[in-house]
Amino acid sequence: MSREFPIGLTPPDWLARNLRPQRSPVNRPAVARAAVAMTLPLAIGLAAGRPEYGALASMGALSGVIGDTADAYRMRILNIAIPQLFGAVGITLGAAVHGHGWLAVAAVTGVALVSGMISTIGAVASVSGLLLLLNSVVGAGLPMPGPWWLAPLLMTGGGLLVLLLALLAWPLRSGVPERTAVAAAYRTVADLLAACGSDVPGAYENARHTVTQSLNESYDLVLAHRARHHGRSAELTRLLAQLNAITPVVEAAPAAHLSGRPLPPQVPEAVHHLAQAVETGYTGPIGLKLPDPAGEAARAVDHALRHASEVVTSPDVDAHGIDDRLGRPAALRVRTARATRDVALSAASWRYGLRLALCIGLAQTLVSTVPVPRSYWVALTITFVLKPDFGSVFSRALLRALGTVAGLVVAAAVLSQVPRGWWDVAVMLVLAPLIPALTPRGYGYQTAAITPVILLLSDTLNHQGTGLLLPRLVDSLIGCAIVLTVGYLLWPESWHTRVGARLADAVADASRYVEAAFGPDVVPAARARMRRRLYRDLSVVRTEFQRALTEPPPTGRRAAAWWPLVVAVERIVDVTTAARVRVKHGAGPPSQREVAHIALQLRELAEGLRDTEVLYPVRTDLTGPPDSVLEPLRQEVAAARAITSPGSDRPGSP
């Protein structure tokens, strides 16, 4: 909703969404690591009489702080160490072409192409590509002190210092993040059960979204860890069994919610007890105090909870009997070969790589022909902003400009009032912790926190003082302008995103799920895996739509028009799961003809969403036995098809 300003002006919804800070708890250990990792190299450099060396190491630590987002220790190694290697390559290549004119332009543009393409692989590859390009831009724009190998060594050492600090507690807390994640998933399920039957608008839906995100994160942590142990770790096998055990409870929740009656408070309280047992590793008797179930939905919840209790408290788990639900990740060698092949053959990776290379090449050409002091900042701005996997490009350009202005205000106070030298250590001790503290709030807040830190380190290298401020603002605005014109407006996919195409795939998957839910020959584990994948895909679709909502018209308006259909598809999956649970616990099964009819309606809806450029009328008079277990599903499918009918208040195409 847009908010009213006191002077009577109302900002558009997309602008209000961009400026609204996100709620997120402060990661206190990450804040402490940032303070130490970025301050210590600076102090050592000053003590050794080489502050420029300390500044380079602190710059490397900054990249490590940005990547210090994982909870599991093994994931921290991937998130921090691998990008540091790419960053070392980047600074080496950039320094090699520094001062070589058009050779530097060609080299950095080529690095931008590679960086953009590998960024499409995944989260770690995206950060690696980011550091590869960032450091090559810095190396090509700033003269590096010492021999050629010193700058990459110092910057990599600074980043690895963050990793070392992050791993200090590993011997004492090995496996704790994974257990904590699984316990957190149990607690979100408890909140979901507490919201079943609630008449508070959106309470159940919000709780279900939280459960999906928590399960995704937990499976990612446990499966990524287990891939290295190939099922031999008893602890990981146990955690995976506990995750699988909560799945029937999640499946029973839609049936309980659709019954319209809240569950007794003892039910969510029992899940909280199970969560505590998971977190502490307790295997003794819990003694669940559950009321006698009344009705199919209550029996389903009761049965699922008792099964989960048996798994959680069982001291021994058979590794061969554990199904990974989402499938165990392939070996690293296989995944690397597959990712390389996908990047080389993917049109999407080539498009993004070319967009990034075009913008970087234009920026490097511009600053090579027009005298711009310390012009590397233009390319740095483009690199940070033109990251579609990090969010809306348009929004990031806007927030980058606003965040830079806020950061320059802080930098102006520091550079004008604080003398250079040991006072820099005290200032860094204050500014560095703000980066992990403000980053979860949003990109604009992160930019405001990073800008004064980078300017302080840059001044240690070039001693320009407040003379840095105005050029940095101009460079940032030039970089944002290049992104918005060359990297955004000139690419129709940016401002004419077919959000409906992504949703169409989810609808088609929902059709297959309906058939699998009531198919006679479908293995239960395969059905559960399909449901988990569908919920995960819908979570991605929801994220894509939320990003589109932050875009200005027409993209934001189209996303807003089709948002109700996203909710409708999620409800279809919920109702299908609820119907399956009811059949399992005593309700009459539907006929295969009835199932096929509903699946056909969903396939038709998916084909229409994928092919059409405008909203079109569809048939919504789905009929069937009124006492069938699929009657609620028919109503949801009819509602979803009705959403695609044109109305006076719905704009154009998806």
Handout entry: Pairwise side-chain contact, Pro145 with Leu150, heavy-atom cut-off 4.5 Å (strictly under)
Key = no
Problem - Thr451 side-chain N/O to Thr447 backbone N/O, donor-acceptor pair under 3.5 Å - result: yes
Problem - With Ala35 via side-chain contact (heavy atoms from CB on, under 4.5 Å) - residues at least two apart - result: Leu429, Pro433
Practice task
Ignoring hydrogens and angles, tell me if any N or O in the side chain of Ser136 forms a donor-acceptor pair with the backbone of Gly90 under 3.5 Å.
Solution key: no
Handout entry: Gap separating the CD1 atom of Ile454 from the CD1 atom of Ile435, nearest 0.5 angstrom
Key = 7.5 Å
Handout entry: CG on Asp475 to CD1 on Ile382, rounded to 0.5 Å
Key = 10.5 Å
Handout entry: For Pro419, side-chain contact (heavy atoms from CB on, under 4.5 Å) partners two or more places apart
Key = Trp423
Exercise for the section: Take Val250 and Tyr535 through the side-chain contact (heavy atoms from CB on, under 4.5 Å) test and state the conclusion after the steps. Expected result: CA-CA 11 Å; Val250 177; Tyr535 272 120; 5.6 Å; no
Problem - Counterpart residues, side-chain hydrogen bond (donor to acceptor under 3.5 Å, both in side chains), relative to Ser476 (two or more places apart) - result: Trp377
Problem - With His209 via side-chain hydrogen bond (donor to acceptor under 3.5 Å, both in side chains) - residues at least two apart - result: Arg542, Glu570
Practice task
Locate the shortest heavy-atom distance separating Val453 from Ala432; write the atom from each residue and the value.
Solution key: CG2-N, 4.4 Å
Practice task
Hey, could you give me the OG1/CG distance between Thr439 and Leu434, rounded to the nearest 0.5 Å?
Solution key: 10.0 Å
Exercise for the section: Heavy atoms only: give me the nearest Ala112-Ala357 pair and the separation to one decimal. Expected result: CB-CA, 3.7 Å
Handout entry: side-chain hydrogen bond (donor to acceptor under 3.5 Å, both in side chains) partners for Gln242, two or more places apart
Key = none
Practice task
Check whether any side-chain heavy atom of Val483 lies under 4.5 Å from a side-chain heavy atom of Thr381, and answer yes or no.
Solution key: no
Problem - Pairwise side-chain contact, Met428 with Leu457, heavy-atom cut-off 4.5 Å (strictly under) - result: yes
Problem - With sequence neighbours excluded, residues passing side-chain contact (heavy atoms from CB on, under 4.5 Å) with Val427 - result: Val414, Val418, Leu431, Leu456
Practice task
For residues 143-168, pull every pair meeting side chain to side chain donor-acceptor pair (under 3.5 Å), keeping only residues two or more places apart or in separate chains.
Solution key: none
Check residues 41-62 and write down every donor-acceptor pair under 3.5 Å in which the side-chain atom is one partner and the other belongs to a residue at least two apart or another chain.
{"from": "Arg50", "atom 1": "NE", "to": "Glu52", "atom 2": "OE2", "distance (Å)": "2.7"}
{"from": "Arg50", "atom 1": "NH2", "to": "Glu52", "atom 2": "OE2", "distance (Å)": "2.9"}
{"from": "Arg50", "atom 1": "NH2", "to": "Tyr53", "atom 2": "OH", "distance (Å)": "3.2"}
{"from": "Ser58", "atom 1": "OG", "to": "Met38", "atom 2": "O", "distance (Å)": "2.9"}
{"from": "Ser58", "atom 1": "OG", "to": "Gly54", "atom 2": "O", "distance (Å)": "3.1"}

Practice task
Kindly indicate whether the side chain of Val138, heavy atoms from C-beta on, has any atom under 4.5 Å from the side chain of Leu134.
Solution key: no
Practice task
Say whether, by atom type as modelled, one donor and one acceptor occur between the side chain of Arg536 and the main chain of Gln213 under 3.5 angstrom.
Solution key: no
Exercise for the section: State whether the side chain of Asp424 and the backbone N or O of Arg420 hold a donor-acceptor pair below 3.5 Å, judged by distance alone. Expected result: no
Handout entry: Donor-acceptor contact present, side-chain Arg355 to main-chain Gly487, <3.5 Å
Key = yes
Exercise for the section: State which residues pass side-chain hydrogen bond (donor to acceptor under 3.5 Å, both in side chains) with Ser63; sequence neighbours excluded, sorted by chain then number. Expected result: Gln84
Exercise for the section: Identify the two heavy atoms, one from Ala185 and one from Leu243, that lie closest to each other, and give their separation to 0.1 Å. Expected result: CB-CD2, 4.4 Å
Exercise for the section: Mark yes or no for whether His100, through its side chain, and His98, through its backbone, hold a donor-acceptor pair below 3.5 Å. Expected result: yes
Problem - Side chains of Val108 and Ile360 in contact at under 4.5 Å (non-hydrogen atoms) - result: yes
Practice task
To the nearest 0.5 angstrom, please state how far the CG atom of Leu93 sits from the CG atom of Leu133.
Solution key: 11.0 Å
Exercise for the section: Over all heavy atoms of both residues, which pair between Leu132 and Phe86 is shortest? Give the atoms and the distance, please. Expected result: CD1-O, 3.5 Å
Exercise for the section: Find the distance between CG (Leu131) and OG1 (Thr383) and round it off to the nearest 0.5 Å. Expected result: 10.5 Å
Completion exercise
Taking every heavy atom of Gly67 against every heavy atom of Ile80, the minimum-distance pair comes out as O-CG1, 4.0 Å
Practice task
Check whether any side-chain heavy atom of Leu215 sits under 4.5 Å from a side-chain heavy atom of Ile246, and report yes or no.
Solution key: yes
Handout entry: Residue pairs involving residues 84-98 (criterion salt bridge (Lys or Arg N to Asp or Glu O under 4.0 Å); sequence neighbours excluded)
Key = none
Completion exercise
d(Leu168 CG, Leu164 CG) to nearest 0.5 Å is 5.0 Å
Handout entry: Minimum heavy-atom distance Ala412-Ser416, with the two atoms named
Key = O-OG, 2.5 Å
Handout entry: Leu354 side chain reached by Leu113 side chain, heavy atoms, under 4.5 Å
Key = yes
Handout entry: Side-chain heavy-atom pair Leu240, Tyr219 within 4.5 angstrom cut-off
Key = yes
Completion exercise
Sorted by chain and residue number, the side-chain contact (heavy atoms from CB on, under 4.5 Å) partners of Ala437 (sequence neighbours excluded) come out as Val26, Val31
Exercise for the section: Report the residues that fulfil salt bridge (Lys or Arg N to Asp or Glu O under 4.0 Å) with Arg187, sequence neighbours left out, ordered by chain and then residue number. Expected result: Glu279
